[in-house]
Amino acid sequence: MQWRDFIIRTALIIGTVALIVWAMPRDNRSYFHVEQGKPWKYADFTAPYDFPIYKSDAAIQAEKDSLMKQYEPYYQYQKDVEGEMVRKFAAAYADGIPGLSSDYISIIANRLHRLYQQGIMASADYDKLHKDTMQMVRIVSGKNAVSVRITQIYSAKQAYELLFQDEKLSPQRQVLQKCNLNEYIVPNLNYDQTRSESSRNELMSSIALASGIAQKGQKIVDRGQIVDEKTYRIVDSFRRENDRRHQEQSGTEFTLLGQILYVALLMFCFTLYLSLFRKDYFEKWRNIAMLYTLIIIFTLATALFMRNTFFHVYILPYAMVPIFIRVFMDSRTAFTTHFTMLLICAIMLQHPFEFVAVESISGLLAIYSLRELSQRSQLFKTAVIVTLAAMATNLAFDWIRADTLTKIDYSTYNYLVVNGICLLFVYPLLYLIEKTFDFTSDITLIELSNSNNEVLRRMSEVAPGTFQHSIQVSNLAAEIANKIGAQAQLVRTGALYHDIGKIQNPIYYTENQSGIDPHSQLNDIESAQMIISHVTEGLKMAEKYNLPAVIRDFIATHHGLGKAKFFYIRYKNEHPDEPVDDLLFTYPGPNPFTREQAILMMADTVEAASRSLGDYTEKSIRELVNRLIDTQVSEGYFRECPITFRDIQYAKTVLIEKLKTIYHTRISYPV
């Protein structure tokens with residue numbers, strides 16, 4: 001069994017570590033969230049190494065725009081285009097142009113020659129370049145390249161219009177337009193992409209991306225100092241340089257190993273704490289599942305927030321973790337879990353100490369404020385207390401580091417307020433936790449204790465004697481629980497429901513009878529079975545009305561494996577020579593296995609028996625209580641639950657004092 005426990009707990013640690021480390025950022029980058037004109041909210045920042053101070057994007061763009069004015073795109077001069085187009089024109093009008101003399105053929109050919117010599121460019125390229133009339137282009141002809149202003153070149157459309165502006169051709173415009181001369185005007189300057197891009201890249205490479213160097217050890221900014229444009233550029237340059245160095249790293253093996261070792265140590269210590277001080281939690285895996293799930297969820301959320309600088313880590317309501325654990329488990333485990341989670345999350349942050357301090361104090365106050373959760377309003381008060389505590393702790397750090405109030409970054413307090421608002425979602429999430437991990441909170445128990453609930457209301461109507469008995473037992477049991485430090489609300493609610501099975505046949509139980517005893521019509525075995533059936537019927541009703549498992553346990557254990565003794569003893573007396581089947585007179589059980597269940601058994605037995613006392617004196621009550629509880633102890637009903645003899649003695653004392661008050665005992669005067 002020990003080896004099995006060891007393997008399970010080791011697997012639990014490994015699985016948790018694997019999930020957390022998988023989500024952690026695998027780099028040493030600094031996640032600064034800085035705004036120009038706002039105070040620097042981190043610790044004093046000093047350059048850890050030499051790095052260039054990069055120019056702003058606007059400054060680089062301005063230099064690019066300035067250099068682009070000197071940029072000259074390359075165009076290749078195509079000599080063959082002119083000859084091809086002129087020959088094509090001459091061939092098309094070899095017989096002359098109708099209505100014109102033959103001289104116009106040579107005139108048009110000459111004008112085409114002039115246009116092609118000047119250079120014709122595609123209209124789209126020309127329109128783009130012509131926006132700046134000072135734009136120069138470089139025309140490459142053979143091995144020579146000549147810079148020409150764009151205004152000295154024609155587009156195809158412009159060349160066509162210039163042709164008709166000629167003094168000799170313009171008078172014949174109407175005739176010449178029918179000749180489709182635009183077919184003979186095509187670009188002879190083609191964009192040279194290779195040379196142009198090479199020239200452009202060479203020009204851009206001449207721009208210096210940095211305007212200086214920040215030297216190692218140089219003070220960049222103090223906490224609380226307003227971040228001006230220059231400081232912002234230096235901090236941003238550090239971030240960019242840090243990112244660049246990270247991308248150039250050959251691997252992150254040591255970072256990964258360090259994270260695994262760190263998280264494994266913390267989870268080992270946490271699991272060791274549970275094994276040494278809360279080993280009973282391992283008996284119910286819902287406890288372990290909730291503890292480890294909460295740690296994993298909040299560390300994964302922290303890792304997600306660290307990858308997105310839009311969100312601040314203080315928005316995450318870490319105090320939810322100790323609240324949930326305090327409500328369903330205990331304070332020590334709540335803080336241990338909370339602190340373990342914070343230490344894991346802190347390794348992902350830029351300034352972990354402040355984070356741990358703020359969230360630890362918040363968690364402690366959340367635990368203190370929920371010692372007993374009995375009202376919804378307590379959760380609202382807890383959210384307010386946690387928010388104020390976090391803000392006060394953060395303010396303490398601000399006052400320690402800032403010399404004036406103007407240097408305090410108040411945006412952090414906005415995040416803490418959002419954190420407090422998120423804590424208000426604890427109440428609906430409590431219901432989700434209950435259903436997911438099968439827990440029962442004090443709020444649920446209080447709601448179940450309401451006498452207007454269907455089961456209790458029905459019991460008060462159908463079996464009023466049983467209802468009054470249940471109320472008396474719940475008060476007695478709660479008083480004992482308060483005395484010995486057990487869960488009073490749990491045992492109070494369990495006591496109200498422990499006898500709901502009597503609703504099915506209430507007349508068979510003495511507290512509901514009024515002169516008529518139906519057992520007179522039954523034999524002892526049948527009567528015993530009828531009495532015993534209120535346990536099994538109660539469990540059926542509990543399942544029908546979806547009562548929590550802890551309440552069903554009270555129904556099953558309040559008689560344990562005891563017997564319906566009245567009918568059992570009478571049957572034995574009436575059949576002295578016959579063997580008796582004890583199972584016919586025995587409750588299905590099991591015996592109590594929690595302190596609260598043992599308390600209910602004692603209170604139930606004593607309260608029921610006290611109704612049959614003939615004389616209510618202090619002596620008779622004391623003898624009754626001692627006899628009944630000592631019998632339960634001697635018959636072994638409490639062997640399987642962690643109740644002590646000291647607890648049992650306190651229970652006796654409480655029962656004696658309460659019964660004395662209920663029945664107004666009188667002093668026995670000497671005769």
Side-chain angles (χ1 to χ4, degrees), residues 20-21 23-25 27-34 38-48 217 219-225 227 235 238-239 242 255 258-259 261-267 269-270 295 298-307 309 311-322 334-368 386-403 407-420:
I20 293 174
V21 173
M24 280 184 167
D27 57 72
N28 298 317
R29 287 178 285 180
S30 299
Y31 292 95
F32 290 129
H33 182 70
V34 58
K38 296 291 184 68
W40 177 257
K41 57 187 176 182
Y42 305 99
D44 298 350
F45 177 42
T46 302
K219 175 65 72 67
I220 306 301
V221 61
D222 295 328
R223 181 182 174 89
Q225 180 180 335
V227 179
V235 174
F238 171 73
R239 180 185 57 78
N242 214 14
T255 301
Q259 290 175 341
L261 180 60
Y262 178 77
V263 178
L265 284 172
L266 287 174
M267 293 311 303
C269 292
F270 177 67
I295 292 176
F298 276 87
T299 50
L300 294 184
T302 303
L304 179 63
F305 273 43
M306 291 309 300
R307 285 183 165 88
T309 56
F311 296 106
H312 196 284
V313 74
Y314 277 153
I315 294 177
L316 282 173
Y318 293 97
M320 277 187 179
V321 173
F335 182 72
T336 303
T337 307
H338 183 55
F339 195 65
T340 300
M341 176 196 66
L342 293 181
L343 290 178
I344 294 175
C345 294
I347 196 176
M348 294 182 271
L349 307 180
Q350 180 67 26
H351 299 287
F353 175 73
E354 294 179 14
F355 167 79
V356 172
V358 170
E359 296 298 342
S360 294
I361 293 175
S362 300
L364 280 172
L365 288 176
I367 294 170
Y368 297 157
V386 167
T387 303
L388 293 176
M391 295 175 71
T393 308
N394 193 73
L395 183 63
F397 284 107
D398 284 336
W399 283 352
I400 289 171
R401 292 192 170 94
D403 53 0
K407 291 185 177 181
I408 295 177
D409 180 16
Y410 293 100
S411 64
T412 303
Y413 299 92
N414 297 331
Y415 299 131
L416 294 174
V417 171
V418 174
N419 184 302

Heavy-atom closest pair, residues Met306 and Leu349: SD-CD2, 3.3 Å
Considering residues at least two apart in sequence or located in another chain, which fulfil the side-chain contact (heavy atoms from CB on, under 4.5 Å) criterion with Ala264? Val17
Do Val313 and Met348 come within less than 4.5 Å of each other through their side chains, counting heavy atoms only? no
Who are the side-chain contact (heavy atoms from CB on, under 4.5 Å) partners of Ile347, not counting sequence neighbours? Met24, Tyr262
Which heavy-atom pair separates Ala366 from Val386 by the least distance, and what is that distance? CB-CG2, 3.7 Å
Grab the two heavy atoms, one from Pro322 and one from Ala334, that are nearest each other, plus how far apart they are. O-CB, 3.6 Å
Within this structure, what is the OH-CG distance for the pair Tyr314 and Asn394, rounded to the nearest 0.5 Å? 5.5 Å
What distance do Phe305 atom CZ and Ile315 atom CD1 have between them, rounded to the nearest 0.5 Å? 5.5 Å
Cys269 versus Thr340: any side-chain heavy-atom pair under 4.5 Å? no
Measure the spacing between CG of Leu388 and CG of Leu395 and express it to the nearest 0.5 Å. 11.5 Å
Which of these, Leu300, Ile344, Thr302, sits in a side chain to side chain contact (heavy atoms under 4.5 Å, CB included) with Ile20? Ile344
Restricting to side-chain contact (heavy atoms from CB on, under 4.5 Å), what partner residues turn up for Phe335, sequence neighbours left out? Phe339, Leu364, Ile367
Indicate yes or no: at least one non-hydrogen side-chain atom of Phe298 is less than 4.5 angstrom from one of Met320. yes
Heavy atoms of Cys345 and Thr299 approach each other most closely as SG-CG2, 3.6 Å
According to side chain to side chain donor-acceptor pair (under 3.5 Å), who are the partners of Thr337, at least two apart in sequence or on a separate chain? none
Does Glu359 use its side chain to pair, donor to acceptor, with the backbone of His338 at less than 3.5 Å? no
Side chain to side chain, His312 and Asn414, heavy atoms closer than 4.5 Å: no
Heavy-atom pair with the smallest gap, counting every atom of Ala390 and Ser362: CB-OG, 3.4 Å
Residues in side-chain contact (heavy atoms from CB on, under 4.5 Å) contact with Ile361, at least two apart in sequence or another chain: Leu365, Ala389, Thr393
If the condition is ring pair (Phe, Tyr, Trp, His ring centres under 6.0 Å), which residues does Phe355 pass it with, not counting sequence neighbours? Tyr318
Search all heavy atoms of Thr387 against all heavy atoms of Gly420 and return the closest pair with its distance. OG1-CA, 3.0 Å
Side-chain heavy atoms of Leu261 within contact of Leu265, under 4.5 Å: yes
